[in-house]
Protein chains: 2
Amino acid sequence: MKGRKTNLEGANCGIARSLQIVGDWWTLLIVRDAFRGYQRFGEFQKNLGLAKNILSARLKKLVQEGIFTIEAHPDSPSSPRYVLTPKGEKLYTVLVALWQWGEENCFDLGELDTEMVDRIDGAPIRALQVKADDGRLLGPRDFRLASRPSPADA
Amino acid sequence: MKGRKTNLEGANCGIARSLQIVGDWWTLLIVRDAFRGYQRFGEFQKNLGLAKNILSARLKKLVQEGIFTIEAHPDSPSSPRYVLTPKGEKLYTVLVALWQWGEENCFDLGELDTEMVDRIDGAPIRALQVKADDGRLLGPRDFRLASRPSPADA
DNA sequence: TCGACAGGTTTCAAAATTAAACCGAGGCCT
DNA sequence: AGGCCTCGGTTTAATTTTGAAACCTGTCGA
C-alpha cells in the first residue's frame, strides 16, 4: 500500500475512501466474522487462518479507524474483545452487496454451502437494489459519479 | 495473496469468493473508472496513478475472471478497449455500497467533492437498504450467515 | 524515414505478507 | 508453590507483492 497512500490519501470519492480502510485482503473478512459473533483475537485467527502479526496489524488499524472498539470483558479481563462500532456495523450493506454478487457470480452449482438469512425467520434476504431518489430502479448504467459544485459552495 | 489463496480457494461464503476477485487495493477502483466510461489502458493508468505493470496484471486477471472483455475498436484497432461484461456491471451494487459507506463515514465536512447521481436527472441516489424477503428493513444485526443444509441436498 | 505515442513487459529496489519461533500474563491442576 | 497450558500478542527471517523507471514494439502522422 505504498503508492496507494500517496495516490488516494486525498481521495476524492467515497469509494476510494472506503477502500483505504477496508480495501485489503483480510479486513472485510474480519468484519464479516465480527458479524458472525466472533470477538476474540484467537477466534478470528483460527477461523480465517491468517498470520497473527497480520491480524494484529489489521485489528490495530480497524480500532484506529473506529470500526472496532476494544472492550475488556468482566468474565476474562485479560482477553480483550473486539466489538464493532456503529461505523463498523454500517459496513453490513457492503458485506451484503459482496455476498450477493459472489453468490450469483462466483459459484458453480451446488458448490455454495452458506447463505445469509434473516435472523428471525431464517428466510432469504432480498437482492439489494439501487434506487433513484424517486424510487425508480437504477441499473448499472443509470448513475454516474459527478463532481460536486465546489468545496466552498454550500 | 499467498496464504490467501490457500485459505480462501475453497471459500465457503460469497463474501470470501467476491474478495478473491475484487478484494485488492486497485481492482474496484478500476471497475469504478470503467463505470465512469474509461476503457483504455492509458486512461486507467493515468487516472489512478498506479504502476503500469500492476494495472496490466489486474486487467489480465479481470479479463480472466470475466469482469472485462477486450474489444478491438474499429477506430483504433491497435488499442484494445476494456469493456465491462454483465458480470462486471453487476458489481455496481458493491460500488454503491462502498460509496455510500465512505461518504457517510470517511469524510470531514465539506471535504467531499464528488457524488454519485442519477444519470438522467442528476438527483441523488437512495441509500441501499437490506430487506427481508417480506420487505421488512433489516439492520446490521438482523441477519446471519447460515450453512446450507448440505451440498447434495437440493 | 523520423519521431511520438499507446500499450505494454522487464528489471530491480522497497514494502507487505507469511510462517514460525518466542514471550509474558493469567489460569488451572496438584 | 511449582509446573504446565492457553491466550494474545511481538519478533525474526524468508517469500511475495508492489512500485518506479527503463525498455521494447507496433502504429500513426508528418
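Since we're looking at a predicted model, the values are computed, not measured. Convention: sequence-line order gives letters A, B, ...; per-chain numbering from 1.
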What is the distance, rounded to the nearest whole Å, between atom [atom1] of [X] and atom [atom2] of [N]?
X	N	atom1	atom2	value
B/R81	C/dG7	CZ	C1'	16 Å
A/I30	D/dG9	CD1	P	12 Å
A/I54	D/dG9	CD1	C1'	13 Å
A/F44	D/dC7	CZ	C1'	15 Å
A/K46	D/dT6	NZ	C1'	12 Å
B/L55	D/dA20	CG	P	13 Å
A/L29	C/dT17	CG	P	14 Å
B/L48	D/dG19	CG	P	11 Å

Strictly below 4.0 Å: does [X] bring a side-chain N or O up to OP1 or OP2 of [N]?
X	N	answer
B/K61	D/dT17	no
A/W26	C/dA16	no
B/W25	D/dT17	no
A/S56	D/dG9	no

Protein-nucleic acid N or O pairs under 3.5 Å, nucleotides 2-6 of chain C:
none

Is A/I70 reachable from A/L91 through a run of hydrophobic residues whose side-chain heavy atoms are each under 4.5 Å from the next?
->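 Yes.
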When clusters are formed by joining ILVMFWY residues with side-chain heavy atoms under 4.5 Å apart, either directly or through shared neighbours, do A/F35 and A/V117 land in the same one?
->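 Different hydrophobic clusters.
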Consider the side chain of B/K52, meaning its heavy atoms from C-beta on, and name the nucleotide among C/dT18, D/dT10, C/dG7 that approaches it most closely.
->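 Shortest atom-to-atom distance from the side chain points to C/dG7.
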Looking at the side chain of B/F41, which of C/dG8, D/dG9, D/dG19 is the nearest nucleotide?
->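 From the listed options, C/dG8 comes nearest.
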Electrostatic pair A/R136-A/D142, nearest N-O below 4.0 angstrom | no
Does a salt bridge link A/R58 with A/D24, judged by any charged N lying under 4.0 Å from a carboxylate O?
-> yes
Could you grab the distance from atom CG of A/N47 to atom CD1 of A/I30, nearest 0.5 Å is fine?
->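 Output value for this atom pair is 11.0 Å.
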Name all residues meeting the side-chain hydrogen bond (donor to acceptor under 3.5 Å, both in side chains) criterion together with B/E43; count only those two or more places apart in sequence or in a different chain, and write none if there are none.
-> none
Would you call the rings of B/F44 and B/F68 parallel, tilted or perpendicular if under 30° counts as parallel and over 60° as perpendicular?
-> perpendicular
Under 4.0 angstrom, heavy atoms only, what part of the nucleic acid is B/K60 near: base, sugar-phosphate, or nothing?
-> sugar-phosphate
Identify whether any heavy atom of B/Y82 sits under 4.0 Å from a base atom; if not, whether one sits that close to sugar-phosphate; answer base, sugar-phosphate or nothing.
->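 Result for B/Y82 = sugar-phosphate.
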Heavy-atom donor-acceptor pair, A/N53 side-chain to D/dG9 base, under 3.5 Å | no
